[in-house]
Amino acid sequence: MKFSLTSFQISIAGAKLIHLSQKDRIWDHGTMIETVKIIFKQVQKARIDGSMESAKKYVTINCLEKLQKQLWEKEKIDGRWQQESPVITELGVVSVRQARNNKPDMFTAIIKGYSGISEYQNNVQKNKFSQRWCFIREGAWWVLDKVDDEKSIFILK
């Protein structure tokens, strides 16, 4: 059996979610995972389209500003985002936190996968990525608040 810090964090978060979901349906693990997938696809679509307008309702204002700045910087240096849709190979909730001290409910998901294919010395290689996405609760919805790149998905072509 392979042991990793990520699998340990997922186990701890899962145990917390069991108790939280009994009190409030927003903590349902399956729904949270689906929310991550939906928001991930919307953010990727917005980046490919070159406008964050379509992702507005899925992210906080602070996160939207950061994503728009990132997009503007890529365009400024005449770069383009990869047009291939990224493929998620691993997705898990690694931490949860109930609201307290004027801080909202929050959870963090780890997303791993690959985007596009590039040639590297006659070998086909996938561009792997790993990110931690932090979500906060706004009313009855989860919205993306922050993206921490461990290994970025957003590679210029």
Side-chain angles (χ1 to χ4, degrees), residues 1-49 51-71 73-74 81-117 126-156:
M1 182 168 111
K2 184 178 175 185
F3 177 79
S4 71
L5 178 59
T6 302
S7 62
F8 180 69
Q9 290 173 327
I10 290 171
S11 296
I12 297 292
K16 289 180 182 178
L17 284 174
I18 290 170
H19 296 289
L20 292 172
S21 66
Q22 293 173 350
K23 297 176 186 175
D24 190 344
R25 183 85 172 118
I26 197 159
W27 293 105
D28 176 66
H29 182 262
T31 306
M32 293 167 69
I33 293 294
E34 285 305 311
T35 299
V36 173
K37 289 178 183 178
I38 290 166
I39 294 175
F40 182 84
K41 287 180 183 177
Q42 289 298 320
V43 169
Q44 303 319 314
K45 182 181 180 294
R47 285 184 162 167
I48 289 170
D49 292 345
S51 171
M52 288 292 134
E53 283 300 311
S54 63
K56 246 182 176 176
K57 70 179 185 177
Y58 300 102
V59 300
T60 62
I61 293 171
N62 187 37
C63 185
L64 182 66
E65 289 172 356
K66 288 178 183 176
L67 292 172
Q68 286 174 327
K69 181 180 177 188
Q70 220 179 24
L71 184 64
E73 287 173 356
K74 299 297 182 195
W81 294 105
Q82 286 185 313
Q83 297 298 310
E84 295 89 8
S85 295
V87 176
I88 296 173
T89 57
E90 184 181 335
L91 173 60
V93 175
V94 293
S95 71
V96 296
R97 184 191 72 210
Q98 274 189 293
R100 66 175 169 239
N101 300 331
N102 294 327
K103 293 182 180 181
D105 289 333
M106 185 224 60
F107 79 91
T108 302
I110 189 163
I111 304 171
K112 293 182 180 182
Y114 63 89
S115 178
I117 297 176
K126 297 174 183 174
N127 298 315
K128 294 181 180 179
F129 68 88
S130 176
Q131 297 178 325
R132 287 182 180 267
W133 285 34
C134 299
F135 294 83
I136 62 170
R137 181 179 184 172
E138 287 188 357
W141 304 101
W142 291 109
V143 293
L144 179 62
D145 186 48
K146 186 169 104 177
V147 176
D148 291 328
D149 291 337
E150 292 175 7
K151 188 170 183 185
S152 183
I153 182 178
F154 309 111
I155 303 164
L156 290 176

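Tested against W133 for a side chain to side chain contact (heavy atoms under 4.5 Å, CB included), the candidates D145, D148, V43 yield a single pass: V43.
Using a 4.5 Å heavy-atom cutoff, the side chains of I39 and F135 are in contact. A heavy-atom distance below 4.5 Å is found between the side chains of M106 and S95.
For V94, the side-chain contact (heavy atoms from CB on, under 4.5 Å) criterion is met by T6, Q9, I10, T108, I110, R132, not counting sequence neighbours. With sequence neighbours excluded, the residues satisfying side-chain contact (heavy atoms from CB on, under 4.5 Å) with I26 are D24, R137, W142. Under the salt bridge (Lys or Arg N to Asp or Glu O under 4.0 Å) criterion, K66 pairs with no residue at all, not counting sequence neighbours. Residues satisfying the salt bridge (Lys or Arg N to Asp or Glu O under 4.0 Å) criterion with K37, sequence neighbours excluded, are E34. Under the rule for a side-chain hydrogen bond (donor to acceptor under 3.5 Å, both in side chains), T89 has no partner lying at least two apart in sequence or in another chain. The salt bridge (Lys or Arg N to Asp or Glu O under 4.0 Å) check on K57 picks up nothing, with sequence neighbours excluded. Residues satisfying the salt bridge (Lys or Arg N to Asp or Glu O under 4.0 Å) test with R100, not counting sequence neighbours, are none. By the side-chain contact (heavy atoms from CB on, under 4.5 Å) test, S54 pairs with A46, sequence neighbours left out.
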F40 and L144: CA distance, side-chain angles, deciding distance, side-chain contact (heavy atoms from CB on, under 4.5 Å) verdict: CA-CA 9 Å; F40 182 84; L144 179 62; over 6 Å; no
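What you find for Y58 and Q42 is that their closest heavy atoms are CE1-CG, 3.5 Å. Summarising the geometry of A109 relative to V36, their closest heavy-atom pair is CB-CG2, 4.0 Å, with the distance given to 0.1 Å.
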